[in-house]
K.L.:
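Below are the C-alpha cells for one structure; questions will follow.
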Amino acid sequence: MSKPNTLADWLAYIERQHPRSIDMGLERVRSVATAMGLKRPAKRVITVGGTNGKGSAVAFIESIGRAAGWKIGAYTSPHLLAYNERVRIDGEDVDDAALVAGFEAVEAARGDVPLTYFEYGTLCALWVFERARLDLAVLEVGLGGRLDATNLVDPDVAVITTVALDHQDYLGDDREAIGAEKAGIARAWKPLVLGDDDPPSSVLARAYLVGASAIRAGCDYFFEPMDADQWRWREVGFQVTLPRPQLAAPVQLRNAAAAIAAVRALPRPPSRQALVAGIANARVAGRLQRFERDGVEIVVDVGHNPQAAAALADWLRLGRGGWTSPGTVHAVYAALADKDAAGVIEALAGEVDAWYLAGLAGHGPRGTTAEGLAARLVGTVAATAPSFEDVASALAAARVAAKPGDRILVFGSFHTVADALAVLPAE
C-alpha cells in the first residue's frame, strides 16, 4: 500500500499492522514511545480505569477542568461516529490534520515493531497532547490497566470506577483477578480513587504494595442525594452541594463523585464553583441519550455487561427514569459475541415488556448475527424475541409497534449505539 495520506487511509492502515486486535503488554509500545521521544502529555495526568463508568468519569473530570479554566485533553475509546471523538482538547475533537501528523510520527519511529490499532491511537494521542501544552490530560484505560497502552504514563491520580466481570478472556475469571489487573495503574505515593464501596481485596493489596494512597467511596469521601435537584459530596473538612448531572442514570452520581475525588486529589484542586459548573455541564454521547419520535421516547445507551444492565434497570425502576407515562418498554438489544448476553437480559428482565434482537455481524470478528445472539439467550425472556439483521431494522420494527407514551431502549454495545445514532439524528 502507498503511504497513507488522509485520516481514513491511516485508520485502514493501522488496522492491518498487527495480526490481533488485542495484544496486551507494554514492551512493544514502550519501545516505540522511547523512539518517538515522548515526554509527559500534560503538567498533570489523571488515568481512569474500571469496568463501567470510565467514559462518564472522564467527561465529569474534563468538564470540571474546563470550568476551572484549565487547558485539558481527554483520550477515550471507543468512538461512536468518528475517530476524532477519541482525542479532545478543550472539549473539541482534534481535527484530521493533527491525528494524521501523530500517526506519521508513530510510523516514523516504530520500525518493524507491530502495534495494535489501540496502541497506534494511544501513542498518537500522547504525541498530540504533548504539543498542546496542556494543564491536565485525562486518559481512559482501554482494557484492564496493568498492560494497557495508557499505562505508559505515570498518572498523578489514578481512578478505578468499578470492578465487575467483563473481558474475562484477558483479565481473569473473578473480581479479584480483574481488580489486580485494573489496579496496575496505581503509582507509588500517588492517590488512587476507588469508586466501589467494596473494592476487591486485590485492589487494596496493590495499593498497599506500591504505596499508593487509596481514597475510597464510603470511607474517605461520601455522596448522597438531597432532593430531586441536588446532591452533596463531602470529605473531612470540605463539602459541596451540586446540581444533579445531566447524565441521567442514578449510577452517574457515583461516577461524578469519583471524578470530584480525583480532581480534589490534585496538588491544586479546582474551586467549589468549578465543581458545581463542571458537574452541571458534563455531557457524553450514548449514555441514556434521549430522542423523541412521534410521541415515543427513544433512549440509547452503551451498557454492555450485567453490571451496566443492572444500572439501566435501576434507572427504569426508579420512576421509569423520570418518565411519567405508563406505556410499554421496548428494548432493542445487540451485543458482541464475547459478552454475557444472558446475564444482561436477566438484569433487565423485570423492566422490559418487549424485546427485539439485532445483529452486529458487520462489526469485526466479535460481531454476531441476531440468530447467533438468540442462541445464547435460550432460557431467558428474550429467547423467542424477533430477530433482525441490524440495529436499524430492529429499531424500525420497535417504532412500528410502539404507541405514543411508550419508550424504546436501544443498548448493548458502542456499535449498537453508533448504528442507532446513524439513523436517529437524520430524522
Side-chain angles (χ1 to χ4, degrees), residues 48-60 76-78 140-145 148 159-183 185 193-203 216-218 223 245 247-259 284 286-288 299-318 321 331 333-352 366 373 376-377 380-382 409-417:
V48 181
T51 303
N52 293 304
K54 297 189 298 292
S56 297
V58 169
F60 284 121
T76 61
S77 63
E140 180 186 351
V141 171
L143 177 63
D148 189 79
V159 181
I160 300 176
T161 53
T162 62
V163 179
L165 297 181
D166 202 4
H167 298 292
Q168 289 97 311
D169 289 349
Y170 298 97
L171 304 180
D173 293 331
D174 54 39
R175 287 183 77 231
E176 291 297 331
I178 293 170
E181 290 296 322
K182 293 189 182 299
I185 64 174
V193 175
L194 303 177
D196 272 329
D197 288 342
D198 185 22
S201 60
S202 59
V203 173
R216 298 174 58 180
F223 60 97
L247 302 179
V251 73
Q252 294 294 0
L253 285 190
R254 182 171 296 276
N255 295 330
V284 59
R287 278 69 167 181
L288 293 179
V299 181
V300 298
D301 192 87
V302 298
H304 55 272
N305 54 43
Q307 185 187 54
L312 284 174
D314 286 344
W315 178 72
L316 289 167
R317 192 178 300 116
L318 296 175
Y333 178 52
L336 296 174
D338 58 351
K339 298 303 177 183
D340 181 5
V344 167
I345 298 299
E346 181 181 358
L348 273 161
E351 305 302 323
V352 172
R366 296 160 63 210
L373 175 60
R376 293 152 56 202
L377 298 178
T380 73
V381 296
L409 174 65
V410 187
F411 79 106
S413 166
F414 276 81
H415 296 302
T416 308
V417 170

K.L.:
Any chance you could lay out the side-chain contact (heavy atoms from CB on, under 4.5 Å) test for Val48 and Phe60, step after step, and finish with the verdict?
P.N.:
CA-CA 11 Å; Val48 181; Phe60 284 121; over 6 Å; no

K.L.:
Indicate yes or no for a side-chain donor-acceptor contact from Asp196 to the backbone of Val163 under 3.5 Å, with no hydrogens or angles considered.
P.N.:
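Yes, the answer is positive, given that a donor and an acceptor are paired below the 3.5 Å cut-off.
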
K.L.:
Run through Asp340, Thr51, Asn52 and flag the one making a side-chain hydrogen bond (donor to acceptor under 3.5 Å, both in side chains) with Asn305.
P.N.:
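The passing option is Asn52.
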
K.L.:
Can you give me the closest heavy-atom contact between Val159 and Ala258, atom names plus distance?
P.N.:
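Closest heavy-atom pair between Val159 and Ala258: CG1-CB, 4.4 Å.
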
K.L.:
Ser56: which residues meet the side chain to side chain donor-acceptor pair (under 3.5 Å) condition with it, sequence neighbours left out?
P.N.:
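Residues passing side chain to side chain donor-acceptor pair (under 3.5 Å) with Ser56: Gln252.
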
K.L.:
State, to 0.1 Å, how close Arg216 and Pro199 come at their nearest heavy-atom pair, and which atoms those are.
P.N.:
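For Arg216 versus Pro199, the nearest heavy atoms are NH2-CD, 3.7 Å.
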
K.L.:
Please enumerate all residues that pass side-chain contact (heavy atoms from CB on, under 4.5 Å) together with Glu140, with sequence neighbours excluded.
P.N.:
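Glu140 satisfies side-chain contact (heavy atoms from CB on, under 4.5 Å) with Lys54, Val58, Thr76 only.
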
K.L.:
Rounded to the nearest 0.5 Å, what separation is found between the CD1 atom of Ile160 and the CD1 atom of Ile185?
P.N.:
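Ile160 atom CD1 to Ile185 atom CD1 measures 5.0 Å (nearest 0.5 Å).
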
K.L.:
Is it the case that Thr162 and Gln307 place a side-chain donor and acceptor less than 3.5 Å from each other?
P.N.:
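Their side chains do contain a donor-acceptor pair, which is all the 3.5 Å distance test asks for.
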
K.L.:
Just verifying a value: how many Å separate Ser413 OG and His304 NE2, rounded to the nearest 0.5 Å?
P.N.:
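Answer for the OG-NE2 pair, Ser413 versus His304, is 7.5 Å.
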
K.L.:
Where is the tightest heavy-atom contact between Ala309 and Leu348, given as atom of each residue plus distance?
P.N.:
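Shortest heavy-atom separation between Ala309 and Leu348 comes out as O-CG, 3.7 Å.
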
K.L.:
Looking at residues at least two apart in the chain, or sitting in another chain, which of them share a salt bridge (Lys or Arg N to Asp or Glu O under 4.0 Å) with Arg254?
P.N.:
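Counting only residues at least two positions away or on another chain, Arg254 forms a salt bridge (Lys or Arg N to Asp or Glu O under 4.0 Å) with Asp197.
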
K.L.:
Is Val344 close to Phe411 at the side-chain level, that is, under 4.5 Å between some pair of heavy atoms?
P.N.:
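They are in contact (side-chain heavy atoms under 4.5 Å apart), so the answer is yes.
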
K.L.:
Work out which heavy atom in Arg175 is nearest to a heavy atom in Asp198; give both atom names and the distance.
P.N.:
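Nearest pair, atom of Arg175 first, then Asp198: NH2-O, 3.4 Å.
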
K.L.:
So which atom in Ala259 and which in Ala57 form the shortest heavy-atom distance, rounded to 0.1 Å?
P.N.:
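For Ala259 and Ala57, the tightest heavy-atom pair comes out as CB-O, 3.9 Å.
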
